[in-house]
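Shown next, in structure tokens, is the structure this report addresses.
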Amino acid sequence: MFCPNCGTSNPDNAGVCSKCGTAISAAPLAAVPQAPMTAPAGAPARPNNYLVQAILVTLFCCLPLGIVSIVFAAQVNTAYDRGDYAGALNSSKQAKMWTWISFGIGGGLVAIWFLIFGLSMMGAIMGNMH
Amino acid sequence: MEVAVQDRGTDRVIAATMMAGAAVGVVLLYAAVPGQSGLFPPCPLHALTGLYCPGCGTTRALHELVHGHAGMALRLNFLMMTALPFMLYAAASYVSYAFRGRRLPTMHLSGRAIWMLGIVIILFGVLRNLPQFPFTLLAP
């Protein structure tokens, strides 16, 4: 790398310039390609992406609804990492809406399913009491 | 940064209900045998189509798990048992938020990682329905 002060070429692991003694470090170069692990100072907190709810819906109830929710969860994080906080917030709202839609439809289906199996379940509970 | 004061009353009720539900669930899972007792309804998709969904085998897997048979649990639903520690952590984080106002430290996933997660779930759902050998291990 080159010394920012005098322009002399130095080994990449050099702490100071071999010619003028200016402190140099390879750290800024290495940091560039990495995705930001933490938001820059002053950035708003990442909006909720409802990923856990999305995965629970996918696994336990309604795969298509769950996949839609997972896609919106991904969009929240993608937009946020890009620095698009308004976009992240918008995707978060969409994700929340789909969580509620899934909750409504899923809850309804589960209720119907439990009603169908209600007799068998009652039987099992009564049987265990004897 | 000062966190805005929020009313977490509803969250406390939900968190408490969740924990009580989990406790009842563990007792039921310990006492009853899924598929034989009639207490746990079967998976609707499997009952209607004969296909396994990504969640099929979860009740049986949890039944094995509360009896200490981790191997059998993994055999019944590998994906769900792998995800279980993360789900428990997420639940613990929510309980911490509801009662202490602070979430547990979380890992930030990239949008791409979340996409991969969705694809893995679908792939798991497809592969466990294949009748050839290595995939039959994934079937419940």
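The shown structure was predicted, so the numbers you read here are calculated from the model rather than taken from an experiment. All chains are named by letter (A, B, ...) in the order of the sequence lines, taking the proteins before the strands, and each is independently numbered beginning at 1.
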Is the shortest heavy-atom distance from the side chain of B/Tyr89 to the side chain of B/Pro105 under 4.5 Å? yes

Tell me whether A/Met97 is reachable from A/Val57 by hopping between hydrophobic residues (I, L, V, M, F, W, Y) whose side-chain heavy atoms are closer than 4.5 Å. yes

Are A/Leu51 and B/Leu84 connected, step by step, through hydrophobic side chains (Ile, Leu, Val, Met, Phe, Trp, Tyr) whose heavy atoms are closer than 4.5 Å? yes

Between A/Leu109 and chain B, which part of the residue has a heavy atom less than 4.5 Å away: side chain, backbone, both or neither? neither

Side chains of B/Met19 and B/Val24, heavy atoms from C-beta outward: is any pair under 4.5 Å? no

Measure distances from B/Ala91 to the heavy atoms of chain A and classify the residue's part below 4.5 Å as side chain, backbone, both or neither. neither

Tell me, side chain or backbone of B/Ile122 under 4.5 Å from chain A's heavy atoms, or both, or neither? side chain

With a 4.5 angstrom heavy-atom cut-off, could you sort out which part of B/Cys43 is near chain A: side chain, backbone, both or neither? backbone

The interface call for B/Leu109 against chain A, heavy-atom contacts under 4.5 Å, is both

Using the ring of each side chain (for Trp, its six-membered ring), is A/Phe103 parallel, tilted or perpendicular to A/Trp100, with breaks at 30° and 60°? perpendicular

